[in-house]
Amino acid sequence: VERVGRSLRETLSALISETKRAPETWPMLLPVVNSVINQSPSSAIGGYAPLTAFTGRQPVSPLDVVFASESVGDVRPLNSAEVTAKVAAL
């Protein structure tokens, strides 16, 4: 639990610093940081992301929702209907 708390604190601090936000905005950023940590592989659980280890679901990058890729190197923005369909699929 202490390790997770330290990771949250370090990541929030870095994000606030890099985006030049006021420190009071941390509650708004916490869900994003939590999602990133839960979808990142961890050596403590065999190289799996916590999401995969505890639910069996594969992590999904937020960029997968925003961008579609027909082939490697061919990335295009999604239109609103495609975004809605991808969000519904989550």
Drop me the distance from L8's CG to R6's CZ, to the nearest 0.5 angstrom.
11.5 Å

Hey, could you give me the OG1/CD1 distance between T11 and I16, rounded to the nearest 0.5 Å?
11.0 Å

Quick check: does any side chain N or O of S13 sit under 3.5 Å from a backbone N or O of R9, one acting as donor and the other as acceptor?
yes

T19 side chain vs L15 backbone, donor-acceptor pair below 3.5 Å:
yes

Would a single hydrophobic cluster contain both V36 and V4, if residues Ile, Leu, Val, Met, Phe, Trp and Tyr are joined by side-chain heavy-atom contacts under 4.5 Å?
no

Quick one: pull up CG in L29 and CG in N34 and give me the separation to the nearest 0.5 Å.
12.5 Å

If I take atom CZ from residue R21 and atom CG from residue L12, how far apart are they, to the nearest 0.5 angstrom?
11.5 Å

Mind checking the CG-OG spacing from L51 to S40? Nearest 0.5 Å is all I need.
10.5 Å

With rounding to the nearest 0.5 Å, note down the distance linking CZ in F54 to CD1 in I45.
5.5 Å

Which heavy atom of P27 sits nearest a heavy atom of P31, and at what distance?
O-CD, 3.4 Å

Ignoring hydrogens and angles, tell me if any N or O in the side chain of T52 forms a donor-acceptor pair with the backbone of R57 under 3.5 Å.
yes

